[in-house]
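Values below: all heavy atoms of this structure, side chains included; hydrogens, waters and symmetry mates excluded.
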Amino acid sequence: MRKLMMWSAFLGGSILAVMLGLTIWLGLNRVIVIADTGSVTGLTELSHLEELPGHELLLEGSAGEENSIRIPMENAIGAENITMENQYISRRLVVNVRGGTGFFYENNRITGYVEPVQKASYTVESEGVTLYLQLSELYEYESILDKGYLQVNLYKPSERYAKVVVLDADISEDLSGPEKEALYRIEEKLQVLLETEGIRTYSAKDRREAAGLESTLQLIDQTKASLYVGIRFDRDEDTEQFGSYVCYSSLYFRPWFTNGSFADKMERELVTAIEGRALGLVETEAGILQELSIPAVVVCPGYLSHETEGKLLLQESYQDRIAKGICAGILGAYETLEEY
């Protein structure tokens with residue numbers, strides 16, 4: 001009995017030692033995924049690389065690295081200290097490191113696949129350090145914190161997403177604050193609906209600054225978007241005018257799916273969702289529609305100048321219906337495209 005107890009104690013101690021050792025090893029060699037907790041719709045326009053703020057960060061390429069950038073992190077920095085934001089219109093990746101110190105980056109370099117990084121810098125704030133990476137083109141990313149490095153894996157949207165839509169809310173200067181907010185909400189609701197359907201969306205607008213025509217065209221090109229959908233409100237001197245319409249350009253043409261058929265499908269779905277009045281399709285050769293070689297429409301769900309419809313457009317429940325209608329039109333477009 002005594003020998004049995006000794007063997008049990010020995011075996012239990014051995015197992016405990018192994019488990020403790022494994023715990024320590026995992027603690028020292030942990031790999032933690034860093035989520036993108038920032039907005040992916042940051043649109044600060046960057047016309048010159050010299051405008052990148054702060055002090056220059058050193059870059060050093062490493063042989064054999066295909067798509068990974070390695071950003072050094074101080075030992076005390078954990079995943080909870082790091083937030084990331086992909087400002088994709090300006091092609092800028094921003095990494096905020098709470099608790100980071102500026103002198104650490106005076107002598108530590110960013111290594112790995114640094115070819116897409118045109119310039120890098122850092123600023124020192126009261127709560128830590130912010131790193132800015134100016135990229136040569138639009139990239140999506142995944143990141144992990146591993147052994148003192150933040151590893152950022154870059155990939156092009158077309159490498160991950162089969163369906164990409166660019167949304168473009170027309171936030172004009174003549175809109176009031178509540179009217180702009182209503183357009184933003186429609187677009188945000190539409191993004192959620194489309195992402196649920198496995199469709200990646202990119203916005204050409206945000207609450208800070210709008211992308212210009214050139215930047216929007218570049219966004220469409222670099223994301224390899226398959227559809228473009230603009231959203232706008234209208235006004236008319238005739239305050240009795242109300243209803244919805246969809247604009248399109250006949251310059252884009254596929255025998256089985258023209259912009260006209262896309263616009264028709266969109267209008268029918270929108271009018272059904274909001275139980276509204278259809279004003280028909282409007283052919284136009286002006287603006288961004290004439291520049292695009294993908295199916296593209298601009299949707300107007302109603303008139304702000306009409307007393308009743310203007311109030312409806314500002315109601316969130318009505319915005320839900322607008323978003324569902326536009327979503328149905330986009331899903332219908334993909335169904336047609338996939339038939340051929």
Side-chain angles (χ1 to χ4, degrees), residues 30-46 49 52-54 57-62 64-74 77-98 100 105 108-123 128-167 191 194-195 198-204 206 208 211 215 218-225:
R30 66 187 185 278
V31 176
I32 303 175
V33 176
I34 306 296
D36 181 355
T37 55
S39 167
V40 295
T41 57
L43 302 175
T44 304
E45 195 71 36
L46 187 68
L49 294 181
L52 210 59
L57 265 169
L58 302 176
L59 303 172
E60 182 178 307
S62 302
E65 295 286 351
E66 294 185 357
N67 68 335
S68 298
I69 297 172
R70 291 170 62 83
I71 303 174
M73 291 287 157
E74 297 170 80
I77 300 300
E80 68 279 3
N81 300 103
I82 302 172
T83 57
M84 303 182 68
E85 180 181 359
N86 190 358
Q87 298 178 351
Y88 54 78
I89 287 291
S90 59
R91 309 185 310 282
R92 187 188 294 186
L93 186 62
V94 180
V95 183
N96 181 262
V97 186
R98 294 186 302 278
Y105 290 100
N108 286 277
R109 301 170 182 263
I110 294 178
T111 60
Y113 179 59
V114 298
E115 182 178 342
V117 184
Q118 294 182 312
K119 190 173 182 180
S121 71
Y122 69 93
T123 58
V129 176
T130 300
L131 314 177
Y132 301 87
L133 276 64
Q134 180 62 44
L135 304 177
S136 58
E137 59 182 291
L138 186 150
Y139 284 93
E140 291 282 3
Y141 74 92
E142 294 175 342
S143 60
I144 57 174
L145 183 63
D146 181 17
K147 299 178 182 178
Y149 284 90
L150 178 64
Q151 179 175 311
V152 182
N153 301 321
L154 300 177
Y155 56 89
K156 296 180 180 180
S158 58
E159 296 172 350
R160 289 295 180 94
Y161 306 112
K163 299 177 181 179
V164 175
V165 176
V166 167
L167 303 176
Q191 284 181 306
L194 291 173
E195 297 281 352
I199 300 173
R200 182 70 168 101
T201 64
Y202 292 90
S203 172
D206 82 347
R208 291 176 293 177
S215 294
Q218 188 177 65
L219 174 66
I220 293 168
D221 177 63
Q222 294 191 356
T223 59
K224 306 300 180 189

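- Around the OH atom of Tyr113, the shell of radius 6.0 Å holds more than 12 heavy atoms that belong to other residues, nucleotides or ligands.
- Inter-residue side-chain proximity for Val114 and Arg109 is flagged as unmet; no heavy-atom pair is nearer than 4.5 Å.
- Looking at heavy atoms from C-beta onward, Lys163 lies out of side-chain contact with Arg200 at the 4.5 angstrom threshold.
- Summarising the geometry, atom CG belonging to Leu135 is positioned 6.5 Å from atom CD1 belonging to Ile69; distances are rounded to the nearest 0.5 Å.
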Run the numbers on Tyr122 and Val97 for side-chain contact (heavy atoms from CB on, under 4.5 Å), then give the verdict. CA-CA 10 Å; Tyr122 69 93; Val97 186; over 6 Å; no
Does the side-chain contact (heavy atoms from CB on, under 4.5 Å) test come out yes or no for Val164 and Lys224, once each step is laid out? CA-CA 7 Å; Val164 175; Lys224 306 300 180 189; over 6 Å; no
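- Counting heavy atoms from C-beta outward, Val152 and Leu154 have side chains that approach closer than 4.5 Å.
- Nearest heavy-atom pair, Ser203 versus Leu219, reported as atom, atom and distance to 0.1 Å: O-CD2, 4.0 Å.
- For the residue pair Gly54 and Ser121, the shortest heavy atom distance occurs at C-CB, 4.4 Å.
- Between Met73 and Leu145, the closest heavy-atom pair is CG-CD1, 4.1 Å.
- Ile110 is listed as a side-chain neighbour of Leu133, based on a closest heavy-atom distance under 4.5 Å.
- In the displayed structure, Lys156 atom NZ is contacted under 6.0 Å by at most 12 heavy atoms of other residues, nucleotides or ligands.
- Looking at Tyr139 and Leu93, their side chains never come closer than 4.5 Å, going by heavy atoms from C-beta outward.
- Contact between Glu140 and Pro157 at its shortest, heavy atoms only, is CG-CG, 4.2 Å.
- In Glu115, the CD atom is not crowded: 12 or fewer heavy atoms of neighbouring residues, nucleotides or ligands sit closer than 6.0 Å.
- Here the shortest heavy-atom pairing between Ser68 and Gln151 reads OG-NE2, 3.6 Å.
- Between Leu131 and Tyr105, the closest side-chain pair of non-hydrogen atoms falls below 4.5 Å.
- Taking CD1 of Ile89 as the reference point, atom OH of Tyr202 lies at 10.5 Å (rounded to 0.5 Å).
- Taking 4.5 Å as the limit, some side-chain heavy atom of Leu52 sits within range of a side-chain heavy atom of Arg92.
- Separation of atoms CG (Leu138) and CD (Gln87) is listed at 12.0 Å; rounding is to 0.5 Å.
- Nearest heavy atoms, Tyr141 versus Glu85: OH-N, 4.3 Å.
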Criterion side-chain hydrogen bond (donor to acceptor under 3.5 Å, both in side chains) on Gln222 and Arg91, from CA distance to verdict: CA-CA 10 Å; Gln222 294 191 356; Arg91 309 185 310 282; 5.1 Å; no
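- Atom OG in Ser143 sits 7.5 Å away from atom CD1 in Ile82 (nearest 0.5 Å).
- Within the 4.5 Å cutoff, side-chain heavy atoms of Thr83 are placed close to those of Arg98.
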